[in-house]
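Right, one structure below, let's go through it.
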Amino acid sequence: MQISPSILSADFANLQHELEAVRNADWAHVDVMDAHFVPNLTLGLPVVEALLKVSPIPVDCHLMIEDPDRWAPGYAEAGAQSVTFHIEAARDPVRLARAIRGEGARASMALKPKTPFAPYEELLDEVDMVLVMTVEPGFGGQSFMADMMPKVTQVKEAVRRRGGQIWIQVDGGVSADTIEQCAQAGADVFVAGSAVYGADDAAAAVEELRALASAHAC
Ligand code: DX5
Ligand code: ZN
């Protein structure tokens, strides 16, 4: 059970300090948005390169961008340990996943809430993680979509059938109130932005989320 705090809810003027504050987490989740794939703009490769130099934990890049075929391998080349592209935006996901892995990173595909999993099941041979979005991508602090839990279970069952080691990540509205149902449904990597950085003690929030998820592992 792994916790990946999203720095989208952190203080952007003090990102090094904000990464240090969650050094007990498994990953640092970095949301890259291009104002085209989603209606919000955050940061890009130069900032990720700077974060990689100072992060005490591996970096989990979630690319909410158009044309990931062109841009995503660069994040892996820069040293991000996990790179997630949106399947809705990828032109050649097999080639893209292989390019990310070829740079030594874990490759992951993300599904927006309205995107079904079944058409992409064959891609489980090419990725290390599937991200099931539990909000519409674009902003932190939105309400958790419990109706995504059947999709998480569907991915989990497909992973089990194939006998692989593929992780299932959930992102959006994950908190102490919602993480248990995610774990029960089959998720094993939990992104949390406001639930971690909105807490008085970010590190304590990470521990609490991990304990809740671990107690409800399926
Ligand atoms: C939303 C981002 C999330 C966001 C989660 O598009 O992908 O990573 O930061 O924030 P919370 O946990 O506040 O919903
Ligand atoms: Zn994200």
Side-chain angles (χ1 to χ4, degrees), residues 2-12 15 18-19 21-22 25-44 47-48 51 55 57-66 68 71-72 75 80-89 105-115 127 129-149 151-152 167-183 187-200 202-206 208-210 212-213:
Q2 304 180 64
I3 307 297
S4 187
S6 166
I7 62 163
L8 188 61
S9 297
D11 177 359
F12 268 30
L15 288 175
E18 296 284 64
L19 290 171
V22 296
D26 301 278
W27 297 88
H29 185 85
V30 178
D31 290 301
V32 175
M33 305 187 191
D34 67 351
H36 289 274
F37 183 72
V38 287
N40 194 6
L41 181 67
T42 55
L43 50 86
V47 175
V48 170
L51 294 172
S55 181
I57 50 177
V59 170
D60 161 32
C61 280
H62 176 194
L63 305 179
M64 288 160 274
I65 60 172
E66 286 183 357
W71 301 109
Y75 289 82
Q81 290 87 345
S82 178
V83 177
T84 299
F85 59 86
H86 268 270
I87 197 66
E88 304 86 357
R106 298 177 63 89
S108 158
M109 64 170 170
L111 308 170
K112 295 206 281 186
K114 291 193 190 73
T115 304
V127 297
M129 185 169 80
V130 178
L131 164 52
V132 176
M133 290 301 301
T134 44
V135 296
E136 283 297 334
F139 301 91
Q142 302 183 79
S143 297
F144 177 76
M145 296 169 72
D147 54 341
M148 293 297 114
M149 295 303 96
K151 195 198 282 188
V152 171
W167 297 345
I168 303 171
Q169 186 178 60
V170 284
D171 180 9
V174 175
S175 70
D177 293 331
T178 60
I179 196 167
E180 298 175 355
Q181 56 186 295
C182 296
D188 38 35
V189 188
F190 306 85
V191 177
S194 42
V196 170
Y197 284 109
D200 291 336
V206 168
E208 184 194 7
L209 290 171
R210 196 189 277 117
L212 287 168

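Note: hydrogens, waters and symmetry copies are ignored here, and every other heavy atom, side chains too, is used. For ligands, and for the atoms within them, numbers begin at 1 and follow the listed sequence.
Heavy atoms of Ser194 found under 4.0 angstrom from ligand 1 belong to the backbone as well as the side chain.
Checking Thr84, Asp188, Asp60 one by one against Gln169, the side chain to side chain donor-acceptor pair (under 3.5 Å) holds for a single residue, Asp60. No option in Val135, Asp31, Val132 other than Asp31 meets the side-chain contact (heavy atoms from CB on, under 4.5 Å) test with Asp171.
Phe144 has its side chain within reach of Met149: a pair of non-hydrogen atoms, C-beta onward, lies under 4.5 Å apart. Asp26 is listed as a side-chain neighbour of Arg210, based on a closest heavy-atom distance under 4.5 Å. Here the side chains of Ile3 and Ile179 are in contact, with some heavy-atom distance below 4.5 Å. In this structure the side chain of Leu43 reaches within 4.5 angstrom of the side chain of Phe12, judged on heavy atoms. Ser9 has its side chain out of reach of Val196: every pair of non-hydrogen atoms, C-beta onward, lies at least 4.5 Å apart. Within the 4.5 Å cutoff, no side-chain heavy atoms of Ser108 are placed close to those of Val127.
With hydrogens left out, the protein atom closest to atom 1 (C) of ligand 1 is Phe139 O, 3.5 Å, a heavy atom. What sits closest to atom 9 (O) of ligand 1 on the protein, heavy atoms only, is Ser6 OG, 2.8 Å. Among all non-hydrogen protein atoms, the one lying nearest atom 2 (C) of ligand 1 is Asp31 OD1, 3.5 Å. At the top of the distance list for atom 8 (O) of ligand 1, counting protein heavy atoms only, stands Asp171 OD1, 2.7 Å. Of all protein heavy atoms, the one closest to atom 12 (O) of ligand 1 is Gly193 N, 2.8 Å. Shortest contact from atom 14 (O) of ligand 1 to any protein heavy atom: Gly173 N, 2.8 Å.
The minimum distance between the Zn ion (ligand 2) and any N, O or S atom of His29 involves atom NE2. Here the N, O or S atom of His62 that is nearest to the Zn ion (ligand 2) is ND1. If you look at Asp171 and ask which of its N, O or S atoms sits nearest the Zn ion (ligand 2), the answer is OD2. Closest approach between the Zn ion (ligand 2) and any N/O/S atom of Asp31 involves OD1.
Less than 4.0 angstrom separates some heavy atom of Met64 from each of these atoms of ligand 1: 6 (O), 7 (O). The ligand atoms of ligand 1 that sit less than 4.0 angstrom from a heavy atom of His62 are 7 (O). For ligand 1, the atoms closer than 4.0 angstrom to any heavy atom of Ala192 are 12 (O). Close approach to Gly172 involves these atoms of ligand 1, each under 4.0 Å from a residue heavy atom: 14 (O). Against a heavy-atom cut-off of under 4.0 Å, His29 is close to the following atoms of ligand 1: 8 (O). Each of the following atoms of ligand 1 lies closer than 4.0 Å to a heavy atom of Val191: 8 (O).
More than 12 heavy atoms of other residues, nucleotides or ligands sit less than 6.0 Å from atom CH2 of Trp167.
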Problem - Leu51 vs Ile7, side chain to side chain contact (heavy atoms under 4.5 Å, CB included): CA-CA, chis, key distance, verdict - result: CA-CA 11 Å; Leu51 294 172; Ile7 62 163; 3.8 Å; yes
Exercise for the section: Any chance you could lay out the side chain to side chain contact (heavy atoms under 4.5 Å, CB included) test for His86 and His62, step after step, and finish with the verdict? Expected result: CA-CA 8 Å; His86 268 270; His62 176 194; 3.0 Å; yes
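Considering each of Gly140, Pro137, Gly138, the one bringing a non-hydrogen atom nearest atom 10 (O) of ligand 1 is Gly140.
Polar contact check, Gly141 against ligand 1: a nitrogen or oxygen pair lies under 3.5 Å apart.
Using a non-hydrogen distance threshold of 4.0 Å, Ala195 does not register as a contact of ligand 1.
Checked by atom type and distance alone, the side chain of Gln81 pairs as donor or acceptor with a backbone atom of Val59 at under 3.5 Å.
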